[in-house]
Amino acid sequence: MPASIDFWEVVATPPGMFGDGPPERAQLEWRAAEAPFRGSDSEDHWFRSQFVADGAAPLIRFGGLATACDVYVDRLHALRSDSMFIAHELPVEPGPHELHICARALDPILAVSRRPRARWRTRVPSQNSLRWARTSLLGRAPGFAPGPPFVGPWRPVEVLGEGELAASIRTRVDGDAGVLAVTCDGSAGPLEVVVDGRSVSLPSGGGEVRISGAERWWPHTHGSPHLYNVEVRGDGRASIHRVGFRQLKVPAATTVDGLSLTINGVRIFTRGAIWTPTSDDEIRDTLLRLREAGLNLVRVVGTMVYESKHFHDLCDELGLFVWQDLMFANMDYPIADPAFRELVDAEVRQALAEVGGRPSLAVVCGNSEVEQQVAMLGLDQELGRGELFGSLIPLLVAEAGLDAAYLPSAPTGGRPPFRTDAGVVNYFGVGAYLRSFDDVRRAAVPFASECLAFANVPDTEPPDHTDGVMRDVGADWDFADVRDHYLALLHGITRGHVDYWARSRIVTGETMSEVLGEWRRESSVCSGAIILWARDLRPGAGWGILDSDGSPKAVWGYLRRVLAPVAVWTTDEGLNGVGIHVANDTAAPLQGDLRVTLFRDFENAVHQGFERVEVGAHSSLERSVEGLLGYFVDAAYAYRFGPPQHDLIVTSLEIGGELVSQDFRFPVGRPHGRVDAEELGFEGRASRDEFGRITLHVRSRRLAYGVRSSAVGYLPSDDAFSIEPGGRATVRLRPGVGAVASTVRLEALNLATPLDVPVS
């Protein structure tokens with residue numbers, strides 16, 4: 001097994017202070033360092049360690065060195081790395097060694113004038129000369145990812161006794177069979193391939209293994225992400241793989257028709273989030289939170305970093321598609337420079353080798369917003385494609401044999417590329433551009449590669465208006481202002497209102513539900529959307545649907561309901577009333593009862609309709625409120641013949657008598673004012689099982705709006721939900737580390753005082 005190297009560091013040293021060699025230990029005070037290391041681009045950063053190399057031909061593997069780094073082994077220069085994104089293996093002699101790494105100050109390197117000059121400039125990075133450096137904008141983008149940036153060994157440095165067998169596997173489906181195409185260096189000799197305990201012999205160099213009746217890999221929303229364990233043996237070495245079999249189809253012209261993914265013959269509605277880097281030990285929990293929110297894709301975006309093998313293994317296992325950007329964003333990259341081109345070639349080959357053959361890989365994208373940047377500056381749109389994204393990278397993708405869609409940029413396809421009704425687009429109509437919900441249908445988005453960026457308020461108290469809030473560089477507004485616009489639109493309140501923070505926490509979830517419901521409906525032209533973004537980089541009201549510590553925000557609960565594999569939701573159809581939509585993404589057909597109830601004064605039922613529905617596997621249906629009722633009631637209150645006769649529409653899907661999904665629509669406005677629990681008829685009961693899990697039962701005589709439950713150290717299964725008049729809800733709270741709670745606190749936006757429910 002590889003042994004990771006721990007480091008000591010000394011930082012904040014002037015560039016070139018120690019010349020070309022490492023400092024003597026006595027010259028400085030060293031301190032224990034914890035990766036990934038962060039620092040300043042204006043200073044050198046020195047790291048040292050000692051290690052013992054065992055085995056006949058030991059290697060040091062550098063997972064990533066940020067950014068211009070010199071490596072010294074036993075005080076002799078052994079390696080120069082000029083890319084954060086390229087891993088290196090360095091042979092060493094068996095025995096003890098001393099290792100030094102110097103991350104050179106980047107600012108003096110960037111200050112050197114070079115040609116070709118940039119054909120455009122952008123405000124996204126801290127300095128446009130970063131186009132020459134193969135490094136991340138994370139820590140160097142003032143608007144959304146301020147410093148400090150990564151420096152030095154930001155990925156593990158490991159000592160290998162000997163290298164593993166270098167085998168590559170690609171999969172395909174042939175009829176009912178899965179086929180493994182195994183490729184290996186011929187020097188390994190004859191190969192043995194073991195698939196889930198079954199052994200097959202292959203000649204030197206590899207060949208194919210056929211598995212009859214192979215189970216398919218599905219995204220978790222549509223089936224089971226089945227994986228096969230594969231071991232390739234040869235020359236006394238082995239390589240371990242987990243593979244899946246699936247058929248992926250995309251439109252031939254994605255830059256025109258959008259990115260409609262068809263998996264195993266089923267067209268899916270793709271819903272994802274921009275991935276934000278986190279520590280290795282938090283990746284699983286973060287992906288699980290996104291999975292529980294109904295998402296089935298994560299986008300590794302070009303402003304960040306390539307993710308680890310551990311990340312991609314988990315996406316395979318959890319049934320989450322990966323959209324893999326290459327690490328290029330906004331800038332004019334000097335591909336004509338031979339040295340730069342060589343770095344790019346090595347980087348892209350390594351990146352594609354890591355994701356190649358994985359069932360989770362759905363999209364490879366050349367960059368983030370380069371085409372958009374060019375077009376928004378009024379330049380020739382073709383400059384944004386160029387040789388790098390138009391020919392070099394597509395060639396490398398083809399050579400890698402990837403079963404995935406390739407996009408040159410995101411957004412891309414329209415003329416200009418940020419036009420909303422063609423190709424793949426970034427849609428912020430509802431959002432930064434403060435458009436009404438009517439704009440979502442009018443925009444006719446085929447696929448949203450980024451959307452729904454809001455200052456999502458966490459549960460920490462007291463929140464500050466500016467903490468963690470994103471701002472476009474140069475703009476006189478921020479994303480808290482965007483949130484406040486929709487708060488005024490939906491709730492009619494502004495900053496300073498007594499309920500400002502409580503309603504701010506849920507309004508972004510309500511807004512996202514409206515947009516995603518519009519896109520997910522059966523007759524929509526949209527085939528998917530990616531929320532900006534998954535998890536905050538720092539505490540506060542950032543774009544994340546998860547806080548910086550991984551805790552779900554209230555918006556998470558709204559996504560969980562509208563994006564669930566089996567879900568019911570409604571849309572405002574204006575003079576055509578209120579549309580009802582049912583989706584069944586699962587592999588099994590369902591039979592259930594669809595019920596709609598209209599209430600007056602948020603309590604009294606005045607109309608009710610039912611329909612027994614059958615929804616096939618991987619399919620959906622559309623109905624209307626008045627279609628279920630069988631008569632006209634002005635459900636959307638669009639005709640306005642006199643005062644409104646109802647103020648709440650509740651649509652429910654029940655299967656076998658159990659409530660599976662429920663939607664709440666307020667045709668004349670959200671409820672305001674607070675009353676005590678007795679007047680609301682609001683009560684709860686909680687019990688704990690032998691594993692420490694709490695089951696909470698809540699009921700309410702009148703509408704309970706925006707119900708939230710909390711217990712120290714526990715994570716609720718649902719959040720910011722509502723309970724229909726006379727209805728009930730069940731919430732399960734899962735304990736975390738150190739969870740000790742004797743009560744569960746219940747709150748609601750129309751409840752005057754929190755209710756503490758004892759746990760029995």
Side-chain angles (χ1 to χ4, degrees), residues 457 459 461-463 484 486-511 513 553-555 557-558 561 570 596-608 637 643-652 659 662-686 694 696-711 716 718-731 733 743-759:
V457 181
D459 288 333
E461 292 281 3
D484 287 351
Y486 291 96
L487 183 64
L489 179 69
L490 297 183
H491 292 260
I493 69 171
T494 57
R495 293 185 186 183
H497 191 281
V498 65
D499 282 341
Y500 173 76
W501 284 115
R503 290 179 182 257
S504 290
R505 288 189 176 92
I506 74 164
V507 71
T508 55
E510 292 177 320
T511 303
S513 291
K553 301 180 186 179
V555 63
Y558 282 91
R561 292 186 290 275
T570 61
V596 63
T597 308
L598 281 64
F599 294 90
R600 182 183 298 146
D601 301 326
F602 302 111
E603 181 175 10
N604 303 308
V606 292
H607 302 282
Q608 193 167 69
Y637 195 50
Q645 300 301 300
H646 59 274
D647 48 25
L648 171 65
I649 303 172
V650 179
T651 309
S652 308
L659 181 64
Q662 197 167 50
D663 176 84
F664 293 76
R665 181 159 292 275
F666 304 97
V668 293
R670 269 77 176 160
H672 284 267
R674 294 175 180 263
V675 299
D676 61 29
E678 184 176 358
E679 184 176 348
L680 202 62
F682 186 73
E683 56 186 30
R685 177 170 50 87
I694 296 174
L696 173 68
H697 299 283
V698 191
R699 63 182 182 181
S700 185
R701 187 181 69 254
R702 297 174 60 186
L703 169 72
Y705 173 49
V707 179
R708 309 199 68 194
S709 61
S710 59
D718 200 0
D719 193 15
F721 56 92
S722 295
I723 303 175
E724 70 175 312
R728 60 188 65 217
T730 299
V731 181
L733 294 96
T743 62
V744 177
R745 170 154 289 194
L746 283 171
E747 299 174 89
L749 287 175
N750 56 343
L751 179 66
T753 306
L755 183 66
D756 289 327
V757 180
V759 180

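The two atoms that bring F664 and S722 nearest to each other are CZ-O, 3.3 Å, heavy atoms only. Across all their heavy atoms, P671 and L703 have their closest contact at CG-CD2, 3.9 Å. When all heavy atoms of A554 and D719 are compared, the pair lying nearest together is CA-OD2, 3.7 Å. Closest heavy-atom contact between L746 and G684: CD1-CA, 4.3 Å. Closest approach of A686 and V757 over heavy atoms only: N-CG1, 3.8 Å. When all heavy atoms of V457 and S504 are compared, the closest pair comes out as CG2-CB, 4.0 Å.
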### Query
Checking side-chain contact (heavy atoms from CB on, under 4.5 Å) for the pair L598/L648: CA distance, chi angles, key distance, verdict?
CA-CA 6 Å; L598 281 64; L648 171 65; over 6 Å; no

### Query
How far apart are the C-alpha atoms of L487 and R503, what are their side-chain angles, what is the distance that settles it, and do they pass the side-chain contact (heavy atoms from CB on, under 4.5 Å) test?
CA-CA 7 Å; L487 183 64; R503 290 179 182 257; 3.8 Å; yes

### Task
Take N750 and V675 through the test side-chain contact (heavy atoms from CB on, under 4.5 Å) and record every step on the way to the result.
CA-CA 6 Å; N750 56 343; V675 299; 5.7 Å; no

### Message
Could you walk me through whether L749 and L751 satisfy the side-chain contact (heavy atoms from CB on, under 4.5 Å) test, starting with their C-alpha distance in whole Å, then the side-chain angles of each, then the deciding distance to 0.1 Å, before giving a yes or no?
### Response
CA-CA 6 Å; L749 287 175; L751 179 66; over 6 Å; no

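Residues V596 and Q608 form no side-chain contact, since every pair of their non-hydrogen atoms from C-beta on lies 4.5 Å or further apart. Put simply, the side chain of R701 does not reach to within 4.5 Å of the side chain of L680, judged on heavy atoms. Residues Y705 and F666 are in side-chain contact: their nearest non-hydrogen atoms beyond the backbone lie under 4.5 Å apart. Side-chain contact check for V744 versus V759: some heavy-atom pair is nearer than 4.5 Å.
Within the 3.5 Å criterion, the main-chain N or O of G557 finds a donor-acceptor partner in the side chain of R561. At distances below 3.5 Å, not a single donor-acceptor pair connects side-chain atoms of R728 with backbone N or O atoms of V698. Side-chain atoms of R495 do not come within 3.5 Å of backbone N or O of D484 as any donor-acceptor pair. Judged purely by atom type and a 3.5 angstrom limit, H497 uses its side chain to pair as donor or acceptor with the backbone of D499.
Under 3.5 Å, the side chains of D663 and T570 contain a donor-acceptor pair of N or O atoms. In this model, a donor atom of one side chain and an acceptor atom of the other lie less than 3.5 Å apart for H491 and E510. Between the side chains of D647 and Y637, no donor-acceptor pair is found at a separation under 3.5 Å. Defined by atom type and a distance below 3.5 Å, a donor-acceptor pair is missing between the side-chain atoms of R745 and S710.
To the nearest 0.5 angstrom, E678 atom CD is 12.0 Å from L755 atom CG. Considering OG of S652 and CG of L659, their distance stands at 5.5 Å, rounded to 0.5 Å. To the nearest 0.5 Å, atom OG1 of residue T753 and atom CZ of residue R674 are 9.0 Å apart. Atom OG1 in T597 sits 5.5 Å away from atom CD in E724 (nearest 0.5 Å).
Evaluation of the ring-ring contact (aromatic ring centres under 6.0 Å, His included) rule for F682 yields no partner, not counting sequence neighbours.
Checked for salt-bridge contact, R702 and D601 miss the test: no charged N lies under 4.0 Å from a carboxylate O. The pair R505-D459 meets the salt-bridge criterion, since a charged nitrogen lies less than 4.0 angstrom from a carboxylate oxygen.
For the pair R600 and F602, the cation-pi test (distance below 6.0 Å, angle within 45°) is failed.
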